[in-house]
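I have placed the structure first, in the form of structure tokens, so that the comments after it can refer back to it.
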Amino acid sequence: MPRKIVKSKYFFEEDFIETIGEVSTEKVKDWGPNSQLKVVGKSLSRIDGYDKVSGTAKFSFDISLPNMVYAKTLRCPLPHAKIKKIDISEAKKVPGVLAVLTYENAPKIPWYYGMSFLFDPHLRYEGDEVACIAAETEQIAVDALKLIHVEYEELPFVVDAGAAMKPGAAKVHDAGNVVRGEPQIYKRGDIEKGFKQADVVVEDTFSTQVEIHNPTEPHCSVVNWDGSRLTIWDSTQGVFSVRDAIAGYLKMPASKVRVIKKYMGGAFGSKLEAGKYTVMAALLARETGRPVRIALDRRAMNLAVGNRPGSVQKLKVGAKKDGTLTAMNHYSYGAAGAYPSGAGCSRPFRTLYKCFNVRSEEYTVFINTGRGRPFRAPGHVQGTFAFESIIDETAEKIGMDPLAFRIKNYAEVDPASNRPYTGKLLRQAYKRGAAAIGWQDRKPAGSGSGPVKTGLGVATQIWWGGGGPPAYATLKLNRDGSAHVIAGSQDLGTGTYTFIAQVAAEVLEIPMEKIQVTLGDTAVAPYCGSSGGSTTAPSVSPAVRDAAEQMKTKLISAAAAVLEIPGNQLVYKNGIISVKNKPDKKLTIANIVRRMRERVLLTTGARNANPSGYAINTFGAQFARVEVDTYTGRISVKKIVAAHDIGRVLNRKTLENQVHGGILQGLGFALIEERVMDEFTGKMLNANLYDYKMPAIYNVPEIEVIIVSEGDAKISNTGVKGIGEPAMIPTPAAIANAVYNAIGVRLKSLPITPDKVLMALQG
Amino acid sequence: MKTIKIQLLVNNNEYEVSVSPNETLLDILRERLGLTGTKRGCEIGECGACTVVMNGEAVNSCLILAPQADGSKIMTVEGLMRNGEYHPLQQSFLNHDAVHCGFCTPGMLMSAYVLLQQKQNPTETGIKQAIAGNLCRCTGYQQIVEAIGDVGKKGETD
């Protein structure tokens, strides 16, 4: 099959990444709309369903090895401190305690881009790792942690991004609190000229809270050494990235590290990188000579494994009376936490609408809290809330319908690069979404009578989600005529196992039951990237189709050899190869596999290169209908219509599930979730699931999912783009805009809790 | 620490286990009996992932000390299948795709099982009450409510 090696670039979570990959250059026929397909696009039940409803699904947390021991971590109770003295002698005496690691006896492994170590006596946030104990049982380890005596030197701290930027603020790092010492600046055109051309200028400030991922399965690893080889069962979104990182931390060849992940209980970006806990477990396993399981508790989950950074965003938008945007300015700051991470949020502002004069200035600052990590559409959820709020304000000021204003400034090409899109069906999303929510009946803001007021709001979504190479899938055929696809990707619950089987079944024309899928094992699977950035389906599904198409070609030439008839006289249909016009002269896949010996019936497919000269984006519009009780301040989201352009749908059932989940997370961000820090003690006040509220069953609105796209043939042989992140991006903004429409007062700080609504109504 | 002998009937199998007074029912099920279908999400009764049926009631097994469970009849998600066939709730969860990552699913199934034992054809409000203590971070819950409601409507409660 034709191949070449290319340099490729695509957007992953927080920035563009450049990769070198071998890609397929095979041109296969475009599948056309899903109505022409038999398996792809259908609402099929997930193939891993049995494991999940029967309790047999082994999550990383459930792996148990003979002679295994348990590790637990001691975490710093203070926001900023240095260890003056640490005494582990009493803990070591506890029967059942096998090993104790601290900065005094553990190898000095650099962490956080060389700014710290695996164990660092300088502790920069509540939850920072102090010591780790391995013991015969988890309870013994927990009890022994209490017998480690630590004397801390308390240091000045700061836990608020705004406070950290002020002169004289406590320093998190000696070099100062602004990450890289300067803001990130983006500009195009001339905003001063643009604002002069404007008939109206709107300025406003918005803020968003810190959100915690809180996947239901805590971060955990089970590790085992076989001599110099290390096996890790990890709860991770990226088996290959964990393999490489761990090999680097332990200074061993990556070939000696095997990372396995079959099932994982949610992640949302918090499990993209290798954890300190995994390295600690590996060190303890080496020291004790036994397998080690390490799992975080819920408190540590809230403190130490990531968050969506908060933001303060000052926006200024200028427009002409006819609705044309003339200039936009964005100034923002947000906190990385104690170590570098991205807190920028201006990308939707830069790319959503046609506007020639644009500038943004973003500060990321250090504070004494746990470090941020990518969280489902990092930057975009908070950025879209602020930007789509001020777009609504601007529309109102010039007296335009907010939807008409958005369409007026529709970007026909990517405003940042001037490149055409491979596809953009946002207009259709606006149109069909507006019809479904009943936009034509929208009333002027705050015009309802009675204490409970209804409002409608809209917000737009842009994200990347096109994926790219390298991504590979191996397909092999078995003697019984079944197929096995192996790929180094992961299923986060998003349905990766199922869509891979669907793609293979579509091409080979055999039943889904005959396809087995293995994922998440670096020892057996060809490389795929981490599952993030809504790139899994767009990267992996084309590799699977490529592998299956190659296999079909191979089967035909094998049948030609067996039957001694030229390949062009053979027909492939439903997994059977027959001779044209002689239907009883035929071979099944199983017949051929037995004749050929199965080892040669093996293909590896590759993702194609992305087309050059194009912008690849996903788009969507969400519409919200809310009720606001002006007596209590309570907001009830009645309905969300989600209309998206995400290329081809692979499985309607799992897609809807994912969209519902994204919307509910968006609703949580809009109305409920918030990390609460005590500025006087520097501690998190709600590091559990009782006080850190996540959406539960009572928060669920009616949800209608509309997909306006078919396959985007310019991207790949499956034409798929991702939905994971797009589903969440516009929800908070749509809800906030609907709240404004209901009560006529704009809420500019998330989460919009009842107290904020009542305060706003009081003026 | 002193150990206590307790007897449990789990998924109709009898067990006698020596437990420490500070071990929980969840610890015993997962670490001693190998029934890892029951999940541990928070250890303090906030997430519902460890829900099992104890003497006919849905309980957070992380909040039950093992000695408290002495003599109890316990059912876990592993006890739902009958002769290799899905329980109607399991089938309905699959049909409705009321499953995403699957970590909260065993607890959801147990809460739903108890609801249907106690009330035939529950209302939507009744279903919501029954699973209000089961947190899911992936789905939008609606598919779960519909999956349970479907089984209730058909009257397939056992």
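Residue numbering restarts at 1 for every chain, and letters A, B, ... go by the order of the sequence lines.
- Taking chain A as the reference chain and counting heavy-atom pairs below 4.5 Å, the highest number among G45(B), G37(B), G102(B), A98(B) is found for G102(B).
- The candidate from G140(B), G133(B), C101(B) with the greatest count of non-hydrogen atom pairs under 4.5 Å with chain A is C101(B).
- Summarising the local packing, NZ of K262(A) is surrounded by 12 or fewer heavy atoms from other residues, nucleotides or ligands at distances under 6.0 Å.
- Counting only distance, with no hydrogens or angles, the side chain of D97(B) and the backbone of N657(A) share no donor-acceptor pair below 3.5 Å.
- Both the backbone and the side chain of R40(B) come within contact range of chain A, with heavy atoms under 4.5 Å apart.
- Put simply, the side chain of K52(A) gets close to the backbone of H100(B): a donor and an acceptor are under 3.5 Å apart.
- Atom OH of Y690(A) and atom CD1 of I44(B) lie 11.5 Å apart (nearest 0.5 Å).
- Note: N214(A) leads T56(A), V659(A), N214(A) in heavy-atom pairs under 4.5 Å with chain B.
- Inspection of the Y698(A) and Q129(B) side chains reveals no N or O donor paired with an N or O acceptor under 3.5 Å.
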Query raised in the report: Given Q91(B) and V53(A), is the side chain to side chain contact (heavy atoms under 4.5 Å, CB included) satisfied, shown in steps?
Result: CA-CA 8 Å; Q91(B) 186 64 57; V53(A) 299; over 6 Å; no
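- Counting heavy-atom pairs under 4.5 Å between each of L296(A), T654(A), D297(A), I703(A) and chain B puts T654(A) at the top.
- Taking each heavy atom of P218(A) and G41(B) in turn, the nearest pair found is CG-O, 3.9 Å.
- Counted by atom type alone, T216(A) and K39(B) present zero donor-acceptor pairs between their side chains at under 3.5 Å.
- Distance check, rounded to the nearest 0.5 Å: OG of S43(A) to NE2 of H96(B) gives 12.0 Å.
- Ring pair Y50(A)/Y86(B) is tilted by interplanar angle, where 30° to 60° counts as tilted.
- S45(A) contributes a side-chain N or O that, together with a main-chain N or O of L94(B), makes up a donor-acceptor pair within less than 3.5 Å.
- Between the side chain of R298(A) and the backbone N or O of C47(B) there is no donor-acceptor pair closer than 3.5 Å.
- The part of E138(A) that comes within reach of chain B is its side chain, from C-beta onward, which places non-hydrogen atoms under 4.5 angstrom from that chain.
- Taking CZ of F103(B) as the reference point, atom CZ of F61(A) lies at 6.0 Å (rounded to 0.5 Å).
- Using a 4.5 Å heavy-atom threshold, the side chains of E46(B) and Y692(A) count as separate.
- Judged purely by atom type and a 3.5 angstrom limit, R137(B) uses its side chain to pair as donor or acceptor with the backbone of H213(A).
- Shown here for A132(B) and A696(A), the closest heavy-atom pair between the two residues is O-CB, 4.5 Å.
- At a threshold of 4.5 Å between non-hydrogen side-chain atoms, the residues D27(B) and Q139(A) do not count as touching.
- With a 4.5 angstrom heavy-atom cutoff, N688(A) touches chain B via backbone and side-chain atoms both.
- In this structure, no portion of Y497(A) lies under 4.5 Å from any heavy atom of chain B.
- For a residue to count as touching a neighbouring chain, one of its non-hydrogen atoms must lie under 4.5 Å from one of that chain's; by this rule T105(B) touches chain A with the side chain only.
- The pair E43(B)-R299(A) does not count as a salt bridge, with every side-chain nitrogen at least 4.0 angstrom from each carboxylate oxygen.
- Side-chain contact between H660(A) and Q142(B) is present, with heavy atoms from C-beta onward closer than 4.5 Å.
- When L664(A), I697(A), T494(A), V700(A) are compared by the number of non-hydrogen pairs under 4.5 Å with chain B, I697(A) comes out ahead.
- If you measure heavy-atom distances from E78(B) to chain A, the contacts under 4.5 Å come from both the backbone and the side chain.
- When atom types are taken as modelled, the side chain of Y141(B) and the backbone of P695(A) share a donor-acceptor pair closer than 3.5 angstrom.
- Annotation: side chain of L135(B) is in contact with side chain of M694(A) (closest heavy-atom distance under 4.5 Å).
- Note that the OG atom of S64(A) and the CD atom of E31(B) stand 6.0 Å from one another [nearest 0.5 Å].
- Of the atoms belonging to I663(A), not a single heavy atom falls under 4.5 Å from chain B.
- Within the 4.5 Å cutoff, side-chain heavy atoms of F268(A) are placed close to those of C138(B).
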